[in-house]
Amino acid sequence: MTAGKKILLAHGGGGRLSGELINEIILPAFDNKTLSGLTDSAEIKLDSQNICFTTDSYVIKPLFFSGGDIGKLAVCGTLNDLAVCGAKPVAISMALIIEEGLEIEILQKILNSAAKTAKQQNVSIVCGDTKVVEAGGADKIFINTTGIGIKLSQAAMGFEKIKTGDAVIISGTIADHGMTIMSQREEIKFESSLKSDCAAVSELCIKLIETFGSDIKFMRDPTRGGLSATLNEIADKIDCSIEIYEEKIPIEPTVKAAAEMLGFDALEIANEGKFVAIVSADKAKQCLELCRKSPLGKNASLIGRIAEKNQPLVELITTIEGRRIVQMPYGRELPRIC
Ligand code: MG
């Protein structure tokens, strides 16, 4: 069935094609329950501690962008995958795949940025690896980071905890990262004030879990594939519909304008400093208040709820009270966005 088939760029887009590749080719190769959960971090029981363990590779183009660079992103992205699983970060590894010809000054800039971000987050980069490939064998530099963290005792999240009526919260404006990267790509570069939201949300996630415990049912960082992919993944796992309200979804006017100009659906655009939280309806207001006290959650918004319908759909209630089904993105929208 797979003979002659080749990997497409869209297989890395975080949408429908990525899902097919993971489910049909990658998961069967390793076949274990922890991996098959497809959570942002794997949870491993070690003696009395629950350890969360995650890895991510960064191939973003360009290496430097408004609001960040590949070094900062490689630290934040991995910390965020730990954070949304309710884990306090302990240490990070960093592996570099460098293309022959990269200026050492650029490498230093990237490493300094990664180090600064890690320091701010109180976590150390404790092991690593460096490989160099011939010119043309890679594109300047690719970075892989792995993170381990200790799961908070109050964290009790999982798809199975989500119930009808639960509230859907987003921690801030959507699509900032993806649209910024697009605006700075050589092919379509345009002047704008766009800035990536690249940031580590660990502190805020930890505070939410410590305060609200099992009322925080699930969290995920809506990176590749944006809010659409994250909500579709959730709807699919719980076999329930999710309703979201267009007027409640925070988006910067400049981001909205850029997305419209380039013909992108902002719901499908990557974020790098945001999380989606599914929380008990009766705690939603308090969760929102707590988020808004933090600079990283100041634009947090209650954007929807888990609906009664036993159908894995995401429905957008538009500003003119229409309804539109939010599809899982295909994946070809924005290659190499993170
Ligand atoms: Mg994630």
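All values below were derived from every heavy atom in this structure, side-chain atoms included, with hydrogens, water molecules and symmetry-related copies excluded. Every value quoted in this text rests on a predicted model; they were computed, and no experiment measured them. The first residue of the sequence shown is numbered 1, and numbering continues consecutively from there.
- From I92, atom CD1 reaches atom CG of L82 across 7.5 Å, with rounding to the nearest 0.5 Å.
- Residues S202 and Q121 meet the side-chain proximity criterion, which asks for heavy atoms closer than 4.5 Å.
- Atom CD of E203 has 12 or fewer heavy atoms from other residues, nucleotides or ligands within 6.0 Å.
- Contact check for I337 versus I269: no side-chain heavy atoms found under the 4.5 Å cut-off.
- Side-chain contact between M157 and I216 is present, with heavy atoms from C-beta onward closer than 4.5 Å.
- Distance check: L102 CG to D139 CG gives 10.0 Å after rounding to the nearest 0.5 Å.
- Scanning for side-chain contact (heavy atoms from CB on, under 4.5 Å) contacts around Q311 gives S241, K309, L313, with sequence neighbours left out.
- For K131, the salt bridge (Lys or Arg N to Asp or Glu O under 4.0 Å) criterion is met by D129, not counting sequence neighbours.
- For the pair T78/T146, no side-chain contact is recorded, criterion being any heavy-atom separation below 4.5 Å from C-beta on.
- Rounding to the nearest 0.5 Å gives a distance of 12.5 Å between CD1 of I317 and NZ of K248.
- Under a 4.5 Å side-chain heavy-atom cut-off, the cluster of Ile, Leu, Val, Met, Phe, Trp and Tyr residues that includes I148 is completed by I44, L46, I51, F53, V90, I150.
- For S41 (side chain) and D81 (main-chain N/O), a donor-acceptor pair under 3.5 Å exists by modelled atom type.
- A donor-acceptor pair is defined here as one N or O able to donate and one able to accept, closer than 3.5 Å; such a pair exists between the side chain of D166 and the backbone of K163.
- Residues forming a side-chain contact (heavy atoms from CB on, under 4.5 Å) with S124 (at least two apart in sequence, or on another chain): V126.
- Looking at residues two or more places apart in sequence or on another chain, you find no salt bridge (Lys or Arg N to Asp or Glu O under 4.0 Å) involving R292.
- No donor-acceptor distance shorter than 3.5 angstrom exists from the side chain of T230 to the backbone of L227, with no hydrogens or angles considered.
- Nearest heavy-atom pair across K88 and I206 is CG-CD1, 3.5 Å.
- More than 12 non-hydrogen atoms from other residues, nucleotides or ligands lie less than 6.0 angstrom from CD of E160.
- By the side chain to side chain donor-acceptor pair (under 3.5 Å) test, S113 is found to be paired with D69, residues two or more places apart in sequence or in another chain being considered.
- Summarising the geometry of A200 relative to L79, their closest heavy-atom pair is CB-CD1, 4.1 Å, with the distance given to 0.1 Å.
- Counting heavy atoms from C-beta on, the side chains of I110 and L96 never come closer than 4.5 Å.
- Residues M328 and E233 meet the side-chain proximity criterion, which asks for heavy atoms closer than 4.5 Å.
- Using a 4.5 Å heavy-atom threshold, the side chains of I162 and I306 count as touching.
- The salt bridge (Lys or Arg N to Asp or Glu O under 4.0 Å) check on D215 picks up K283, with sequence neighbours excluded.
- For the pair C240 and A307, the tightest heavy-atom approach, listed with the atom from each and the gap, is SG-O, 3.7 Å.
- Remark: T164 engages no residue in a side chain to side chain donor-acceptor pair (under 3.5 Å) (not counting sequence neighbours).
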Give the intermediate values and the outcome of side chain to side chain contact (heavy atoms under 4.5 Å, CB included) for residues L288 and V279.
-> CA-CA 10 Å; L288 209 54; V279 308; over 6 Å; no

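- With sequence neighbours excluded, no residue forms a side chain to side chain donor-acceptor pair (under 3.5 Å) with S301.
- Once rounded to the nearest 0.5 Å, the distance linking CD1 of I238 with CZ of F218 reads 9.5 Å.
- Under the 4.5 Å side-chain contact rule for hydrophobic residues, I249 and I169 do not share a cluster.
- Panel note: side chain E99, backbone K140; a donor-acceptor pair is recorded below 3.5 Å.
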Show your working on side chain to side chain contact (heavy atoms under 4.5 Å, CB included) between V201 and D221 and close with a plain yes or no.
-> CA-CA 9 Å; V201 293; D221 50 340; 5.9 Å; no

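- Taking a 4.5 Å side-chain heavy-atom cut-off between Ile, Leu, Val, Met, Phe, Trp and Tyr, the cluster of I97 extends to V59, V133, F142.
- The shortest heavy-atom contact between C52 and E43 is SG-CG, 4.3 Å.
- Judged by distance alone, with hydrogens and angles left aside, the side-chain atoms of T117 form no donor-acceptor pair with the main-chain N or O of K72 at under 3.5 Å.
- Proximity of a side-chain donor or acceptor of N271 to a complementary backbone N or O of P222 within less than 3.5 Å is detected.
- In the hydrophobic clustering of ILVMFWY residues, with side-chain heavy atoms under 4.5 Å counting as a link, I26 and L9 come out apart.
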Could you walk me through whether L194 and Q184 pass the side chain to side chain contact (heavy atoms under 4.5 Å, CB included) test, one step at a time?
-> CA-CA 9 Å; L194 300 183; Q184 296 180 3; over 6 Å; no

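- Remark: side-chain polar atoms of K161 are paired, donor with acceptor, to backbone N or O of A156 under 3.5 angstrom.
- V168 is not connected to M219 by any chain of hydrophobic side-chain contacts under 4.5 Å among Ile, Leu, Val, Met, Phe, Trp and Tyr, and they are in different clusters.
- To the nearest 0.5 angstrom, K293 atom NZ is 8.5 Å from K207 atom NZ.
- Under the side-chain contact (heavy atoms from CB on, under 4.5 Å) criterion, D265 pairs with L267, E268, R324, sequence neighbours left out.
- Residues Y58 and T145 are in side-chain contact: their nearest non-hydrogen atoms beyond the backbone lie under 4.5 Å apart.
- The backbone N or O of D282 lies less than 3.5 Å from no partner atom in the side chain of S280, so there is not a single donor-acceptor pair.
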Apply side chain to side chain contact (heavy atoms under 4.5 Å, CB included) to N50 and K45, showing your working.
-> CA-CA 5 Å; N50 275 4; K45 222 176 159 53; 3.0 Å; yes

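- Between atom CG of residue L21 and atom NZ of residue K5 there is a gap of 11.0 Å, rounded to the nearest 0.5 Å.
- Taking every heavy atom of both residues into account, A235 and V314 meet most closely at CB-CG2, 4.1 Å.
- For E20, the side-chain contact (heavy atoms from CB on, under 4.5 Å) partners at least two apart in sequence or on another chain are R16, L17, E24.
- Checked by atom type and distance alone, the side chain of R220 never pairs as donor or acceptor with a backbone atom of V84 at under 3.5 Å.
- Connection of I141 to I104 is not established within any shared hydrophobic cluster, with ILVMFWY side chains joined at heavy-atom distances below 4.5 Å, either directly or through further cluster members.
- When every heavy atom of E272 is checked against every heavy atom of N80, the shortest pair comes out as O-ND2, 3.5 Å.
- Cluster annotation: V75 and F65 are assigned to the same hydrophobic cluster (Ile/Leu/Val/Met/Phe/Trp/Tyr, side-chain heavy-atom contacts under 4.5 Å, transitive).
- Remark: the backbone N or O of D40 is paired with a side-chain donor or acceptor of T54 at under 3.5 angstrom.
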